[in-house]
Amino acid sequence: MTTTNFVKKFDGKRWLAAIKLPIYSVAIAPITLGTAVAYCDTGRWLPSHFWSFIGAAVCILTWLNTSNDVFDDDTGIDVNKDSSYVKVVGNKVLVFWASNAFLLLGLAGIGAIAWWQQDWTVLGLIVLAVALGYSYQGPPFRLGYLGLGEPICLLSFGPVAVAAAYYAQTQTVSPSALVASLAVGSSTSLILFCSHFHQVADDIAAGKRSPVVRLGTQRAARLLPWIVASPFAVVAIGVVLGMFSPWTLLIVASAPVAVELVRHVNAEHARPERVSNCKFIAAKLHIQSSILLCLGFVLVQWLH
Ligand SMILES: C/C(=C\COP(=O)(O)OP(=O)(O)O)CCC[C@H](C)CCC[C@H](C)CCCC(C)C
Ligand SMILES: O=C(O)C1=CC(=O)c2ccccc2C1=O
């Protein structure tokens, strides 16, 4: 496509739908949480390491989403997805190389932190997260098609990413960071779980056995409250065990969104056009609960 044609065909609404801005919270939250727990534990933070990590995480998430659309175009599963980058840009090869460029840029940002620390641990952890992300969607693995996306998501956006962010600040890892990571990891997996409800027909047609395909929408909707409750349960356990300050219970203030999500999915699970926004309600819950949890850790130092 020439530049003039591209400009003529530019459709801002489809670009916004392809970019899915609220989903970027999944990149920002684990890095902020790892940094907040490190600040809570040590009273210090390194802004240069934090901001490089945030920039890199945003680039890596852009790689994840653009390459997902390239790989999904190969299997034909995105046939009804108008907001696929491949369709919006109109040039699959360009999307493929742009996605690789975002990945390189992201890894370079993490490489800079490793260089400043003269220690490759952070880079190793993020390469592991990227490999897990690739295994979800790329050939020959495509583990998401087997319904394994949610545990991969929990592990990579939870313990792996939070431990890397904590390590970027302190060059060590703490048990409280690892327990806290399960809260952000499970609320990230919740977004992925919710994203399957409206895609059941297309997923079955393409042979993708997502958890919602395996369970059916009714049983998946009944399972949802347990997944929604898990970040809250993790924090309650952390406080009871004396690993977290009671300030982290601020996360409870995000409960109304949790209730909204459960009610909406239970009412609309079988109507794809009406349930399709539930992943954005899950993203709202992720954003609110993550901000409150980070605040809970930071307040420990501020009120010291
Ligand atoms: C791309 C993801 C979901 C979209 O999947 P799907 O194909 O079902 O949906 P649509 O085509 O309809 O949009 C998310 C998959 C997440 C994956 C399991 C784990 C990725 C790990 C990351 C690479 C970790 C990055 C950490 C960062 C904070 C440094
Ligand atoms: O497009 C999506 O549905 C998702 C994109 C994405 O990057 C992500 C990351 C982590 C959890 C879920 C999701 C999506 O659902």
Side-chain angles (χ1 to χ4, degrees), residues 11-26 61 64-65 68-69 71-88 136-137 142-154 157 185-232 254-290:
D11 179 343
K13 270 195 180 154
R14 279 176 79 205
W15 269 95
L16 273 181
I19 293 169
K20 295 169 287 214
L21 218 47
I23 299 287
Y24 274 81
S25 72
V26 304
L61 198 81
L64 184 68
N65 278 283
N68 178 271
D69 287 345
F71 297 136
D72 281 356
D73 191 72
D74 292 343
T75 65
I77 198 170
D78 278 353
V79 66
N80 293 316
K81 184 180 163 188
D82 289 339
S83 60
S84 160
Y85 279 105
V86 172
K87 289 183 193 163
V88 173
Y136 168 77
Q137 56 198 21
R142 300 195 204 277
L143 298 181
Y145 284 67
L146 304 179
L148 295 175
E150 281 69 11
I152 296 175
C153 201
L154 172 71
F157 285 102
S186 57
S187 65
T188 310
S189 285
L190 172 68
I191 302 176
L192 187 59
F193 185 75
C194 287
S195 78
H196 303 309
F197 275 94
H198 70 291
Q199 292 181 323
V200 169
D202 288 346
D203 286 353
I204 291 173
K208 181 169 179 174
R209 313 255 310 129
S210 76
V212 181
V213 169
R214 284 178 184 272
L215 293 168
T217 62
Q218 170 97 64
R219 280 200 293 163
R222 281 205 208 114
L223 176 67
L224 188 71
W226 296 96
I227 308 175
V228 168
S230 45
F232 299 98
S254 62
V257 188
V259 173
E260 178 192 350
L261 176 62
V262 170
R263 286 203 178 135
H264 179 66
V265 173
N266 269 281
E268 310 291 358
H269 64 84
R271 282 186 280 262
E273 66 297 341
R274 300 188 66 156
V275 79
S276 65
N277 65 336
C278 75
K279 92 172 164 197
F280 291 105
I281 305 178
K284 185 164 81 171
L285 176 59
H286 179 268
I287 294 169
Q288 286 194 10
S289 59
S290 303

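Keep in mind the model is a prediction, meaning the values are calculated, not measured. In what follows, every heavy atom counts, from backbone to side chain, and hydrogens, waters and symmetry copies are set aside.
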Rounded to the nearest 0.5 Å, the CG atom of D82 sits from the CZ atom of R14 at a distance of 5.5 Å
Tell me whether K279 contacts the main-chain N or O of H196 through its side chain, where contact means a donor paired with an acceptor under 3.5 Å.
no
- Message: Side chains of F197 and P272, heavy atoms from C-beta outward: is any pair under 4.5 Å?
- Response: no
Would you mind reporting whether R271 and V275 have side-chain heavy atoms less than 4.5 Å apart?
-> no
*Any side-chain heavy atom of Q199 sitting closer than 4.5 Å to one from N80?*
no
For this session: May I ask you to test the Y85-W15 pair for a side-chain heavy-atom distance under 4.5 Å?
Result: yes
inquiry  = Is it true that, when you exclude R274 itself, more than 12 heavy atoms of the residues, nucleotides or ligands shown sit nearer than 6.0 Å to its CZ?
reply    = no
task: Please tell me if the side chains of L285 and S254 come closer than 4.5 Å, counting only heavy atoms from C-beta onward.
output: yes
Interatomic distance, CZ@F193 vs CD1@I227, rounded to 0.5 Å, equals 4.0 Å
Quick check against the 3.5 Å criterion: does R142 have a side-chain atom that pairs as donor or acceptor with the backbone of Y136? no
side-chain contact (heavy atoms from CB on, under 4.5 Å) between I191 and V26, worked out
CA-CA 9 Å; I191 302 176; V26 304; 3.6 Å; yes
From the list D72, T75, N68, side-chain hydrogen bond (donor to acceptor under 3.5 Å, both in side chains) partner of Q137 resolves to N68
If we count only N and O atoms by modelled type, under 3.5 Å, do the side chains of S210 and Y145 hold a donor and an acceptor together? no
message = Under the criterion side-chain contact (heavy atoms from CB on, under 4.5 Å), I'd like the reasoning laid out for H286 against L190: C-alpha separation, chi angles, the key distance, then a yes or no.
response = CA-CA 9 Å; H286 179 268; L190 172 68; over 6 Å; no
Tightest non-hydrogen contact, residues T188 and C153, listed as CG2-SG, 3.8 Å
### Message
Within the 4.5 Å heavy-atom criterion, are S84 and D73 side-chain neighbours or not?
### Response
no
Are side-chain N/O atoms of H198 and N277 paired as donor and acceptor at under 3.5 Å? no
Closest non-hydrogen atoms of V88 and A18, given as atom of the first, atom of the second and distance, are CG2-CB, 4.2 Å
Discussion item. I'd like to check L146 versus R209 (side-chain heavy atoms, cut-off strictly below 4.5 Å). Are they in contact?
Written reply: no
Go through it in stages, so that I can follow the logic: the residues are D69 and K81, the test is salt bridge (Lys or Arg N to Asp or Glu O under 4.0 Å), and I'd like the CA-CA distance, side-chain angles, deciding distance and then a yes or no.
CA-CA 9 Å; D69 287 345; K81 184 180 163 188; 2.9 Å; yes
Value for NZ (K20) from OG (S83), rounded to nearest 0.5 Å, stands at 6.0 Å
Query - Minimum side-chain heavy-atom gap V228-L261 below 4.5 Å - result: yes
> So, the side chain of S195 versus the backbone of L192: is there a donor-acceptor pair under 3.5 Å, distance only?
Replying inline: yes
- Message: Looking at R263, I'd like to know if its CZ atom is crowded, meaning that more than 12 non-hydrogen atoms belonging to other residues, nucleotides or ligands lie closer than 6.0 Å.
- Response: no
Q. Going through the distances and angles, do K208 and V213 end up as a side-chain contact (heavy atoms from CB on, under 4.5 Å)?
A. CA-CA 8 Å; K208 181 169 179 174; V213 169; 6.0 Å; no
Could you please spell out the steps behind the side-chain contact (heavy atoms from CB on, under 4.5 Å) verdict for F157 and L61? CA-CA 11 Å; F157 285 102; L61 198 81; 3.9 Å; yes
The reported gap from NZ in K284 to OG in S25 (rounded to nearest 0.5 angstrom) is 13.0 Å
